[in-house]
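Whatever order the structure lists ligands and atoms in, that order sets their numbers, starting from 1.
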Amino acid sequence: MSIVIRGGTVVTADRSFAADVYCRDGQIAAIGENLDVPADAEVVDATGQYIMPGGIDPHTHMQLPFMGTVASDDFFTGTAAGLAGGNTSIIDFVIPSPKQPLMDAYHQWRDWAGKSAADYGFHVAITWWDESVKEDMGTLVREHGVNSFKHFMAYKNAIMADDETLVKSFRRCMELGAIPTVHAENGELVFQLQQELLAQGITGPEGHPLSRPPAVEGEAANRAIRIAQVMNVPIYIVHVSCKESLEAITRARNEGQRVFGECLAGHLVIDDSVYRHPDFEFAAAHVMSPPFRSGEHQAALWQGLQGGNLQTTATDHCCFCADQKAAGKDDFSKIPNGTAGVEDRMAVLWDAGVNTGKLTMNEFVAVTSTNAAQIFNLYPRKGSVSVGADADLVVWDPEGTRTISAKTHHQNIDFNIFEGRTVKGIPSHTISQGKLVWKDGDLRAEKGAGRYVERPAFSAMFDALARQGLHNTPSAVKRNR
Ligand code: URQ
Ligand code: ZN
Ligand code: ZN
């Protein structure tokens, strides 16, 4: 089984060059002009098109049990939809219930993800703390290829991590060579504002953004960044949605702190007017956290990507259909939080970013694939077009167009936040593990073909920090492997 992609331009995060790409046994075997390959190789004609690393979405929640229901895209339908959009890997989340042993939750999610059509990894959420959590974090790093741990600073009375948990978990990440990531919203403030709004009789979706103003996110982002600074550990802020968070990231990065930021395709192009729509279903379909923001925040996020203070794009793909969203018909705080996007992220970003000149093609590759691979230690196996890398590729047709709609998308949800948006620049072919899984509208996703991808700890980086004589790290901190 081999494929040769002919006549295209290879576009990576750092260069663009004319070349054929030959894939064999699931890996990239050769890159060069007019390659001489076996006669039985399947040929993909990429004339006038770009050959790029397949997208990596570092933030999805397939079939997540959340707010009394379960996200409607499972690991097969969700990853299959991603392949239709040029996305060839996801990093999803294991989210233990408070007091649930991490290893139990991890094995549960591994079981669910077995049906994936594309490769996947897991961030593991720290939703509670005791010595067993500390131990399990070590087991996950040492034996299961987990190198990132998530902390929800929001969702009080559910999965919220308080400051004690943040401090202890960040320290543990430092010991293990893992990176902490955070959902940065102050959960206490959100809870208080929710109660106040409901008491005033504001029960509709318009209350959702009012309960989560940008300052609520900016405070938490800054707090998490400062805790990471004192704990001497890098940090990754997920779904940065507003100027306030970006300013906290930019300040820290300017001072040399190792902080990474992620933004969502939705937050880049959709504004908060959606919550003032008179139709409950429409407004509720957009309820996610952090909420969609007003226009000046979108401009800031684009500047963050352009200036290198935001490194990755994601979707936070977490689908809830209208009947599920209806749980919050009389109380916006009960609307399951989440929207979809894994199928549309890359085309939306190309159309809104590359076609407008905000991003070069190379920057597009960086923020849709390569940077996530490097931050989460998947590179160059993922996120590169290089010999020996996994043959996860997308052939991108810059002239192709598509009008995004729930009527035609492959995501298992009855709504699309990008509904009606016509994008120019779409994937004509997606290759996953060296197999053609998407070809001009024909999706050939295979249930269970996806593999769990281990992500080694970042010991090299942390050892370098240690060698610098971490002035505020007690000498007692040992390096647990
Ligand atoms: O907060 C998250 O990232 C999960 C629970 C998805 N929902 C959301 O509103 N972002
Ligand atoms: Zn989140
Ligand atoms: Zn999320």
Answer yes or no for F93: is there a heavy-atom contact with ligand 1 below 4.0 Å?
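For ligand 1, residue contact (heavy atoms, under 4.0 Å) with F93 is absent.
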Work out which heavy atom in T313 is nearest to a heavy atom in R345; give both atom names and the distance.
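Scanning both residues completely, I find the closest heavy atoms to be O-NH1, 3.0 Å.
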If you take all heavy atoms of S211 and F332, which pair is closest and at what distance?
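Shortest heavy-atom separation between S211 and F332 comes out as OG-CE1, 3.8 Å.
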Closer than 4.0 Å to some heavy atom of [X] - which atoms of ligand 1 meet that?
{"X": "S289", "answer": "8 (C), 9 (O), 10 (N)"}
{"X": "Y155", "answer": "1 (O), 2 (C), 5 (C), 7 (N), 8 (C), 9 (O)"}
{"X": "M288", "answer": "9 (O), 10 (N)"}
{"X": "H239", "answer": "3 (O)"}

Of all the atoms in H61, is at least one N, O or S atom closer to the Zn ion (ligand 3) than 2.8 Å?
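Yes - counting backbone and side chain alike, H61 has an N, O or S atom under 2.8 Å.
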Sort out for me which residue in V146, L140, V94, T139 forms a side chain to side chain contact (heavy atoms under 4.5 Å, CB included) with L102.
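That would be L140; it is the only one of V146, L140, V94, T139 passing the side chain to side chain contact (heavy atoms under 4.5 Å, CB included) with L102.
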Salt bridge between [X] and [Y], side-chain N to carboxylate O under 4.0 Å?
{"X": "K334", "Y": "D330", "value": "no"}
{"X": "E363", "Y": "K358", "value": "no"}
{"X": "R212", "Y": "E217", "value": "no"}
{"X": "D119", "Y": "K382", "value": "yes"}

Does the gap between the ring centers of H59 and F93 come in under 6.0 Å?
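H59 vs F93: aromatic centres under 6.0 Å.
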Would H317 and H61 count as a close aromatic pair, with their ring centres under 6.0 Å?
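Between H317 and H61, the centre distance exceeds or equals 6.0 Å.
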Quick one: nearest non-hydrogen protein atom to atom 4 (C) of ligand 1, plus distance?
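Of every protein heavy atom, H61 NE2, 3.4 Å lies nearest to atom 4 (C) of ligand 1.
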What protein heavy atom is closest to atom 6 (C) of ligand 1, reported as residue, atom name and distance in Å?
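Looking only at protein heavy atoms, the one closest to atom 6 (C) of ligand 1 is D316 OD1, 3.5 Å.
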Pick one of side chain, backbone, both or neither for how N337 approaches ligand 1, counting any non-hydrogen atom pair under 4.0 Å.
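It is both backbone and side chain that touch ligand 1.
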Do we get K168 above F170's six-membered ring, with its NZ or CZ under 6.0 Å from the centre and within 45° of the axis?
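No; the conditions do not both hold, so K168 does not lie above the ring face of F170.
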Do ligand 1 and K150 have nitrogen or oxygen atoms that lie under 3.5 Å from each other?
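K150 vs ligand 1: no N/O contact under 3.5 Å.
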Sort by chain and number the protein N/O/S atoms that are closer than 2.8 Å to the Zn ion (ligand 2), and list them.
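Checking every protein N, O and S atom gives H183 ND1, H239 NE2.
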